[in-house]
Each structure stands twice: as structure tokens, then as C-alpha cells.
Amino acid sequence: MSTPLALQFVTSAATADQLPSTGVPEVAVVGRSNVGKSSLINALSNHKGLAKVSKTPGRTQLINYFALGERAAVIDLPGYGFANAPAKVRAAWQPMIEGYLLGRDELVMIMVLVDGEIGPTKLDVQMLDWLRSYGRPHTVVATKHDKVKSSVRDKRKKDLAAKCDLEPRDVVWVSAAKHVGIDRLRDLVRTWVEPS
Ligand code: GDP
């Protein structure tokens with residue numbers, strides 16, 4: 001097992017402007033609610049209760065800032081696509097996320113989480129198209145690898161990648177539950193935040 005990411009919750013913010021200007025590189029995590037974002041953050045840090053903080057009522061719609069050691073950070077963005085979210089919540093989400101993803105100087109990589117069991121949703125594809133249209137650096141991470149039967153895995157990997165307009169090798173598959181791909185993703189995160 002590789003060394004867990006040393007993540008520590010620092011603060012929550014309602015807009016990108018309220019985040020501290022640290023100048024250290026940030027990796028953001030985005031995806032629809034229930035995609036497995038909290039489980040993944042917990043697995044990357046090997047700290048079960050860590051992402052609970054982002055599930056605390058009142059914080060689910062905020063940007064959560066986790067320091068990654070002293071020279072980097074991981075940013076947990078609110079999940080999109082709640083079936084029952086009130087219009088007000090949905091209306092607040094867009095400027096918050098867009099403000100962060102387009103305006104944050106510290107941002108070096110955006111992990112776009114896609115549910116590996118159900119494949120990319122329309123909103124996931126829209127998010128990818130939108131990031132591409134602005135040339136924002138991103139990596140697709142497919143979650144819940146353990147939920148895909150081994151007999152259909154190869155086909156699923158091809159299909160999921162194709163729907164994201166990617167090659168299968170460009171998608172990082174993980175299972176937070178079974179610790180699949182977590183070591184590789186930790187290494188990727190470390191590479192992304194390395195000073196160039
Ligand atoms: P979030 O809303 O994106 O933060 O998603 P959560 O991390 O809360 O996960 C949503 C649901 O998916 C929960 O029931 C988790 O237990 C489940 N889940 C998350 N990751 C995995 C995984 O790797 N494997 C399996 N089998 N279930 C997972």
C-alpha cells in the first residue's frame with residue numbers, strides 16, 4: 001500500500017473568493033452526488049471520518065478545503081444533480097462551482113468522478129464538455145470498480161471511456177471499498193501537485 005495522502009480539513013467556503021489565497025497547488029474533486037466522492041477522499045487519506053465533514057448539514061453545498069501536507073490541497077466541491085434539490089440550491093451551485101473551476105489560480109487538476117457501475121450521466125458528459133471548452137485540466141476517475149462484474153469489466157471500461165470521449169487507458173478506475181486503484185490515484189495526485 002502506498003502512503004496515504006495527508007489530508008486535513010481546513011475550512012469551508014460559499015464562494016471561491018472566500019478561500020484562502022495560499023498559492024499552493026490544488027486538486028479538485030467533482031461529481032454528482034452519490035458517485036462515491038466522500039468514500040474516495042476517505043480512501044485516499046486512509047481516514048474514515050474525514051469526508052464526513054463535507055456531509056455535515058450546511059456544508060454539503062460548500063467548497064471544502066483540505067490541506068495536503070504543507071504544499072498542496074485537495075478541494076471537495078459540492079455534488080451536482082440532486083434529484084430533489086430545491087431550485088434555489090441548484091441556482092447557487094452553478095456560480096459557485098464555475099467561479100472556482102474557471103477562476104482559481106491554484107487549481108492544477110480536476111478529478112471528474114463518474115460512477116463505474118452506472119456509467120456517465122448526461123450531467124457528467126456536460127461537465128466534461130464544459131471543462132474541455134475552457135481547456136481546464138481534468139482526469140476522469142471511475143468509481144465503484146468492485147460493483148462491476150469481472151465478466152463485463154473490459155466492455156464496461158471501453159464503453160465508459162467512449163461515452164467520455166476518451167481511450168480506456170485515460171480513465172482511472174478505483175474502488176474505495178476494495179482499495180482498487182487507490183495507490184495509483186495517490187501517486188497521480190502527488191505528481192499533479194509537484195512543483196514544476
Ligand atoms: P458522495 O455522495 O459522492 O460523497 O458518495 P458516498 O461516498 O457517500 O457514496 C455513495 C454510496 O456509494 C454509499 O452507499 C457508499 O457506500 C457507496 N460507495 C462509494 N464508493 C464505493 C465503492 O468503491 N464500492 C462500493 N461497492 N460502494 C461504494
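Order of appearance sets the numbers: ligands from 1, and atoms from 1 within every ligand. Values below: every heavy atom of this structure, side chains too, minus hydrogens, waters and symmetry copies.
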> Does a side chain donor of either E26 or Y100 reach within less than 3.5 Å of an acceptor in the other side chain?
Replying inline: yes
> Do you know which two heavy atoms are closest between A16 and I63, and how far apart they sit?
Replying inline: N-CD1, 4.0 Å
> Are S39 and N42 linked by a side-chain donor-acceptor pair shorter than 3.5 Å?
Replying inline: no
> For the residue pair V114 and L160, what are the closest heavy atoms and their distance?
Replying inline: CG1-CD1, 3.9 Å
>> With nothing but distance in play, are any N or O atoms of H145 less than 3.5 Å from an N or O of ligand 1?
In response: no
> Do any N/O atoms on A177 end up under 3.5 angstrom from N/O atoms on ligand 1?
Replying inline: yes
> Got a donor-acceptor contact below 3.5 angstrom from the D124 side chain to the T121 backbone?
Replying inline: yes
> Of the listed options (A43, P78, G31, A176), which comes nearest to atom 23 (O) of ligand 1 when hydrogens are ignored and any heavy atom counts?
Replying inline: A176
> Any chance CZ of R71 has more than 12 other-residue heavy atoms, nucleotides or ligands included, within less than 6.0 Å?
Replying inline: no
> Is K144 touching ligand 1 with its side chain, its backbone, both, or neither, if touching means heavy atoms under 4.0 Å apart?
Replying inline: both
>> Pairs of nitrogen or oxygen atoms closer than 3.5 Å, one from N34 and one from ligand 1: do any exist?
In response: yes
> Should G36 be counted as touching ligand 1, given the test is an N or O pair under 3.5 Å?
Replying inline: yes
>> So for ligand 1, is S33 a polar contact partner (N or O within less than 3.5 Å, distance only)?
In response: no
